[in-house]
Enquirer: 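Dropping a structure here in structure tokens format, bear with me for questions.
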Amino acid sequence: MKPNRILFACLMAIAMAFTTRCTDDNKGNGEPTLYTRLGGIDVISKVTDKFLTNVVADDMINTRFEATVGNHYRLQVLRNNLIDQICAGTGGPCQYKGQTMLEAHTGMKISAAEFSALMADLAAALDFCEVAEREKNDLLTILTPMESDIVDK
Ligand code: HEM
């Protein structure tokens, strides 16, 4: 091969490597992260807003959030923590800075039925935002194991 062809082949290889790295957000395993598949921060923020609206309308659990909803600052903190938690937990570029799930829910004596109600409110928000079934199930699968740190504590 002529030297300029070798140089061209090298440049193409470098360009392709960077294209994959910079556009695919695949953490090196060939599969886009769940964060990317969900639609990134924009969709996660919209899902979180609809989720909180659903929780406030849900008679099974809304009394739990009365103090939060009644305080604008506290509601914003919860909203931001939820967005960061989902973003970070799905491989996105955020950092969750809130309490652990055990710390945040200890003393609340949340029941398994309340946990299910909240998860149904989240599932409904994902449906409302037309998140595909696979991504919806992947997110719920990440959050479901948190039940042991949240229920009956
Ligand atoms: C997988 C399910 C759940 C997740 C991912 C979750 C997530 C969170 C997060 C991130 C916080 C904020 C922690 C902080 O401020 O440092 C929080 C607080 C809280 N959670 Fe949960 N939670 C879940 C289930 C539940 C359930 C089932 C209930 C009650 C029915 C509940 C009630 C609350 C309340 C009342 C707060 C305090 C909000 C405030 O500080 O004003 N959570 N949760």
Side-chain angles (χ1 to χ4, degrees), residues 14-153:
I14 292 167
M16 283 169 73
F18 275 105
T19 304
T20 310
R21 237 196 234 153
C22 298
T23 58
D24 215 8
D25 182 24
N26 61 24
K27 301 263 171 194
N29 64 6
E31 168 85 356
T33 59
L34 177 56
Y35 172 80
T36 297
R37 289 191 282 119
L38 280 167
I41 203 71
D42 188 41
V43 171
I44 290 172
S45 302
K46 285 176 179 146
V47 166
T48 302
D49 287 337
K50 182 63 182 165
F51 166 60
L52 287 170
T53 305
N54 291 347
V55 166
V56 169
D58 186 342
D59 288 340
M60 175 92 191
I61 54 173
N62 56 12
T63 52
R64 294 279 192 180
F65 295 88
E66 254 170 17
T68 312
V69 174
N71 179 325
H72 183 71
Y73 173 77
R74 202 165 150 178
L75 183 59
Q76 285 310 307
V77 171
L78 179 62
R79 177 183 185 269
N80 291 341
N81 275 332
L82 287 168
I83 291 170
D84 283 346
Q85 188 185 38
I86 295 173
C87 170
T90 56
C94 313
Q95 204 192 337
Y96 174 66
K97 301 184 203 78
Q99 295 178 294
T100 64
M101 290 301 91
L102 189 60
E103 286 165 352
H105 302 93
T106 292
M108 291 187 192
K109 303 276 176 229
I110 293 167
S111 69
E114 288 179 300
F115 185 86
S116 298
L118 181 133
M119 292 298 272
D121 292 337
L122 177 59
L126 290 159
D127 285 340
F128 179 85
C129 293
E130 296 180 333
V131 169
E133 207 64 16
R134 178 179 171 221
E135 280 66 37
K136 179 174 98 172
N137 290 333
D138 285 354
L139 179 59
L140 295 176
T141 301
I142 288 174
L143 299 179
T144 301
M146 295 178 182
E147 177 167 0
S148 58
D149 282 342
I150 293 171
V151 166
D152 292 335
K153 298 296 170 195

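For ligands, and for the atoms within them, numbers begin at 1 and follow the listed sequence.
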Enquirer: Return the closest protein heavy atom for atom 26 (C) of ligand 1 as residue, atom name and distance.
Expert: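 It is Leu118 CD1, 3.6 Å.
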Enquirer: Within the 4.0 Å heavy-atom shell around Leu78, which atoms of ligand 1 are there?
Expert: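 It comes down to these atoms of ligand 1: 11 (C), 12 (C), 17 (C), 18 (C).
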Enquirer: Under a 4.0 angstrom heavy-atom cut-off, which atoms of ligand 1 come close to Arg74?
Expert: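 Near Arg74, the atoms of ligand 1 are 39 (C), 40 (O), 41 (O).
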Enquirer: Below 3.5 Å, can you tabulate the donor-acceptor pairs from side chains in residues 45-52 to any protein atom, sequence neighbours excluded?
Expert:
| from | atom 1 | to | atom 2 | distance (Å) |
| --- | --- | --- | --- | --- |
| Ser45 | OG | Ile41 | O | 2.7 |
| Lys46 | NZ | Asp42 | OD1 | 3.4 |
| Lys46 | NZ | Asp42 | OD2 | 3.2 |
| Thr48 | OG1 | Ile44 | O | 2.8 |
| Asp49 | OD1 | Arg79 | NE | 2.6 |
| Asp49 | OD2 | Arg79 | NH2 | 3.1 |

Enquirer: Below 4.0 Å, non-hydrogen atoms only: which portion of Gln99 touches ligand 1? Side chain, backbone, both or neither.
Expert: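 Looking at Gln99 and ligand 1, atoms from backbone and side chain both fall under 4.0 Å.
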Enquirer: Looking at ligand 1, does Met108 have a heavy atom less than 4.0 Å from it?
Expert: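 Contact present.
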Enquirer: Identify the protein heavy atom lying closest to atom 38 (C) of ligand 1, giving its residue, its atom name and the separation to 0.1 Å.
Expert: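 Scanning the protein heavy atoms, the shortest distance from atom 38 (C) of ligand 1 goes to Thr68 OG1, 3.5 Å.
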Enquirer: Provide, to 0.1 Å, the distance between atom 14 (C) of ligand 1 and the closest protein heavy atom, together with that atom's residue and name.
Expert: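 For this ligand atom, the closest protein heavy atom is Asn81 ND2, 3.5 Å.
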Enquirer: Does a side-chain N-to-carboxylate-O contact under 4.0 Å join Glu66 and Arg74?
Expert: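 The answer is no: the pair does not qualify as a salt bridge.
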Enquirer: For His105, which part has a heavy atom under 4.0 Å from ligand 1: side chain, backbone, both, or neither?
Expert: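 The answer is the side chain of His105.
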Enquirer: Number the atoms of ligand 1 from 1 as they appear, then name those within less than 4.0 Å of a heavy atom of Ile110, with their elements.
Expert: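 Contacts of ligand 1 toward Ile110, numbered from 1: 26 (C), 27 (C), 28 (C), 29 (C), 31 (C).
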Enquirer: Relative to the heavy atoms of Ile61, which atoms of ligand 1 are at a distance of less than 4.0 Å?
Expert: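 The list of qualifying atoms is 30 (C).
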